[in-house]
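The structure appears right after this line, and notes come after that.
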Amino acid sequence: IADGFDFAGVLVRTREGRPIKIEQNTLANTGANARVHASVLSLYDSKRIKRPVANGQVVGWEAFDSEVRQRLNSVSGEIVLLTQTFASPSTTRLINDFSAKYGNVRHVIYDTVSEDAALNAFDARYGERALANYDFSQAETIVSIGADFLGDWAGGGYDAQYARGRVPQNGRMSRHIQFESNFSITGANADKRIPVKLSAQREILAALNGYITGGSTGSNLPSAVNEAVANAAKQLQSSGSRGVVVSGIPDTEAQAMVLSINEALGSQVMDSANPRMVRNGNASQVQQLVQDMNAGSIGALLIAGVNPAYSLPNSQEFVEGLKNVEVSVAFSMKEDTTAKLCNFIAATPHYLESWGDVQLTKRNFSLIQPVIRPLFDTRQFQDTLLRWNDNTVSYHDYIQETWSGSLGELSWADALHDGAFEANSPGTASAQVSGNGANTSGVADNSPDTQNIAAAPIDAPATNTTNTSIQDSPT
């Protein structure tokens, strides 16, 4: 599954040709949370769009393609693709092909739950827009400042590693210290949990940075909190390379301090050489797009995998701007808030009906294959772009062509069978323009009255409103 929020290697159990159960693919070394397990039910959702829609009327794909292509060829203004994080080498290559054909094309990536600050900090330090990777099974001391890393923090999937480190080995196991404002799954599992104001979290991180890197340790923190920070710093220094600091503070400077602390510790828990590629959104580019839409400079907007009219903090500005866009196309499984506002709706299949490839980390990849024929008259975003590019190959063949020569000694059949493999990227997966982004999380910085507004863990991207398994969950 790679839906822009959850990225996980899975195995699918079928009965009489119908998918009925999702299990984790252990070869992929990723977690499978409650949303992933429940995702099989979305395949059978009666609210799915069953065929393409043009100007409010159900049409066939031939008529749909003809009208949209005609409009794209005659559009005045820029063509923009606003998409989820696909983390897909073949999709990035395909978007580049689309840009070459139509010209004046911009690709903007939007993450519904933003990791923009962490991406900006990592990019500034290591020259790559990605997220630092962690192996908590190697940790002796873990200090978390507002990071719910047993939940959805940085893409999630860290729970199994953490659990391995909590099993006593020779009388020792990892020690976990949690500074946080809201009670979280991670805080509930900590050895020591220190509740603090949200406005104090950055000051805690700055003091910890001073203790570890030799800078200033002065702060206005309460004495009990300051003592806890000093003790945490001593334990980190004692653990050395087996110590690690993580933070969920949505601030680029704070995330830069996290990287600095872990480098000073020589942390082997943090892996900057094989970073995570499952978040690639750029908040500043999204903000610029909304401004350009309202200025009338966007001629066509193709939206895939996201629902900005619902989820953007400034959604009303997006809605108003969309009225100025000549051609709007939503690639969607459901008639969501954004799709209802678009001229065209391209009905897309469920991931269990789709082909794909995913770059989970810099060196780790997965292939996606369908386990059932499409239940409705739907078509993948990528297959549609191929047709609009005048390319007659199927997306399956396009993926295979993309990976030709990049699998090393591994055959295509073996890579497809295992679903997960290590390789060098075909060279197109990290094509995003770097740049500092604005904080679009809806959380104000450093105000004593600020509340920590977090997405509900069980449905953080708010895409499972009709999935009964998700809605029945107590969390």
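One-based numbering along the sequence shown. Every heavy atom of this structure was used, including side-chain atoms; hydrogens, water molecules and symmetry mates were not.
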Given Ser76 and Glu326, is the side chain to side chain contact (heavy atoms under 4.5 Å, CB included) satisfied, shown in steps?
CA-CA 8 Å; Ser76 60; Glu326 186 179 341; 3.6 Å; yes
Among residues two or more places apart or on two chains, list those pairs meeting ring pair (Phe, Tyr, Trp, His ring centres under 6.0 Å) that have a residue in residues 319-363.
Phe64-Phe344, Phe331-Phe381, Phe331-Trp388, Trp355-His396
Run the side-chain donor-acceptor check on residues 265-275: report pairs under 3.5 Å with partners two or more places apart or on a different chain.
residue	atom	partner	partner atom	Å
Ser267	OG	Gly243	O	2.8
Ser267	OG	Val269	N	3.2
Ser267	OG	Met270	N	3.4
Asp271	OD1	Ala273	N	3.0
Asp271	OD1	Asn274	N	3.1
Asn274	OD1	Thr361	OG1	2.9
Asn274	OD1	Lys362	N	3.2
Asn274	OD1	Arg363	N	2.9
Asn274	ND2	Thr361	OG1	3.3
Asn274	ND2	Asn364	OD1	3.1

Passes side chain to side chain contact (heavy atoms under 4.5 Å, CB included), Leu301 versus Phe318? Steps please.
CA-CA 12 Å; Leu301 182 63; Phe318 177 88; 4.0 Å; yes
With sequence neighbours left out, the residues meeting side-chain contact (heavy atoms from CB on, under 4.5 Å) with Gln84 are Phe86, Val306
So for atom CD, which belongs to Gln70, do other residues, nucleotides or ligands contribute more than 12 heavy atoms lying within a distance under 6.0 Å?
no
Hey, could you give me the CD1/CG distance between Ile261 and Leu205, rounded to the nearest 0.5 Å?
5.0 Å
Hey, are Ser284 and Asn282 close enough side-chain-wise for a donor-acceptor pair under 3.5 Å?
yes
CG of Asn55 to CD of Gln57, rounded to nearest 0.5 Å, is 8.5 Å
Any salt bridge (charged side-chain N to carboxylate O under 4.0 Å, His left out) involving residues 47-61? Give me the pairs, sequence neighbours left out, ordered by first then second residue.
Arg48-Glu353
Assess the residue pair Asn280 and Thr85 against the criterion (side chain to side chain donor-acceptor pair (under 3.5 Å)); give the C-alpha distance rounded to whole Å, side-chain angles, the decisive distance to 0.1 Å, and a yes or no.
CA-CA 6 Å; Asn280 212 346; Thr85 293; over 6 Å; no
Aromatic contact, Phe421 with Trp403 (centres under 6.0 Å)
yes
Are the side chains of Asp357 and Pro89 in contact, using a 4.5 Å heavy-atom criterion?
yes
With Thr186, which residues qualify under side-chain hydrogen bond (donor to acceptor under 3.5 Å, both in side chains), at least two apart?
Asp148
Just checking Phe149 against Tyr158, ring centres under 6.0 Å apart?
no
Judged by atom type as modelled, is there a donor-acceptor pair below 3.5 Å linking the side chain of Gln161 to the main-chain atoms of Phe136?
yes
Any chance the rings of Tyr126 and Phe122 have centres within less than 6.0 Å?
yes
Side-chain donor or acceptor of Asn343 paired with backbone N/O of Ser328 under 3.5 Å
yes
Main-chain N/O of Pro426 paired with Ser406 side-chain donor or acceptor, under 3.5 Å:
no
Name each donor-acceptor pair under 3.5 Å that joins a side chain in residues 20-29 to protein atoms two or more places apart or in another chain, with its distance.
residue	atom	partner	partner atom	Å
Lys21	NZ	Glu23	OE2	2.8
Gln24	NE2	Thr30	O	2.4
Asn25	OD1	Leu27	N	3.1
Asn25	ND2	Asp418	O	3.0

Is a donor on one side and an acceptor on the other found under 3.5 Å between the side chain of Ser66 and the backbone of Ala63?
no
Taking it one step at a time, do Tyr162 and Ile142 satisfy side chain to side chain contact (heavy atoms under 4.5 Å, CB included)?
CA-CA 10 Å; Tyr162 176 82; Ile142 304 166; 4.0 Å; yes
For Ser366, enumerate each residue passing the side-chain hydrogen bond (donor to acceptor under 3.5 Å, both in side chains) test, keeping only those at least two apart in sequence or located in another chain.
none
Test item: side-chain donor near acceptor, Asn324 and Asn294, under 3.5 Å:
no
Pairs meeting criterion salt bridge (charged side-chain N to carboxylate O under 4.0 Å, His left out) with involvement of residues 364-381, two or more places apart
Asp65-Arg379
Taking the six-membered ring of Phe5 as reference, does the cationic atom of Arg279 (NZ for Lys, CZ for Arg) lie under 6.0 Å from its centre and within 45° of its axis?
yes
Between Asn96 and Ser99, is there a side-chain donor-acceptor contact under 3.5 Å, judged purely by atom types and distance?
no
To the nearest 0.5 Å, how far apart are CD in Glu335 and SG in Cys342?
10.5 Å
Side-chain (Arg18) to main-chain (Thr14) donor-acceptor, under 3.5 angstrom
no
Are any of the side-chain heavy atoms of Thr83 and Ile303 separated by less than 4.5 Å?
no
Are any side-chain N or O atoms of Arg387 and backbone N or O atoms of Thr392, one a donor and one an acceptor, separated by less than 3.5 Å?
no
Are a donor atom and an acceptor atom from the side chains of Asn182 and Ser184 found within less than 3.5 Å of each other?
no
State which residues pass side-chain contact (heavy atoms from CB on, under 4.5 Å) with Asp97; sequence neighbours excluded, sorted by chain then number.
Arg93, Asn389, Tyr398
Have Ser90 and Tyr395 got a donor and an acceptor in their side chains that come within less than 3.5 Å?
yes
With a 3.5 Å distance limit and no angle check, can you tell me whether Ser260 reaches the backbone of Ala256 through a side-chain donor-acceptor pair?
no
Should Asp45 and Lys334 count as an ion pair when the cut-off is N to O under 4.0 Å?
yes
Heavy-atom donor-acceptor pair, Asp152 side chain to Gly155 backbone, under 3.5 Å:
no
Listing request: all salt bridge (charged side-chain N to carboxylate O under 4.0 Å, His left out) pairs with a residue in residues 100-109, at least two apart in sequence or in separate chains.
Glu78-Arg106, Lys101-Asp390, Arg106-Asp292
Residues passing the side-chain hydrogen bond (donor to acceptor under 3.5 Å, both in side chains) test with Gln380, sequence neighbours excluded, are Gln382
Inter- and intrachain pairs under ring pair (Phe, Tyr, Trp, His ring centres under 6.0 Å), touching residues 29-50, at least two apart:
none
Hey, mind stepping through Ile79 and Asn104 against side chain to side chain contact (heavy atoms under 4.5 Å, CB included) and telling me if it holds?
CA-CA 6 Å; Ile79 299 174; Asn104 198 26; over 6 Å; no
Strictly distance-based, threshold 3.5 Å: is any side-chain N or O of Asp397 a donor or acceptor partner for the main-chain N or O of Val393?
no
So does Leu410 get a backbone contact from the side chain of Asp414, meaning a donor-acceptor N/O pair under 3.5 Å?
no
Ignoring hydrogens and geometry beyond distance, is a side-chain donor-acceptor pair present between Gln291 and Gln287 at under 3.5 Å?
no
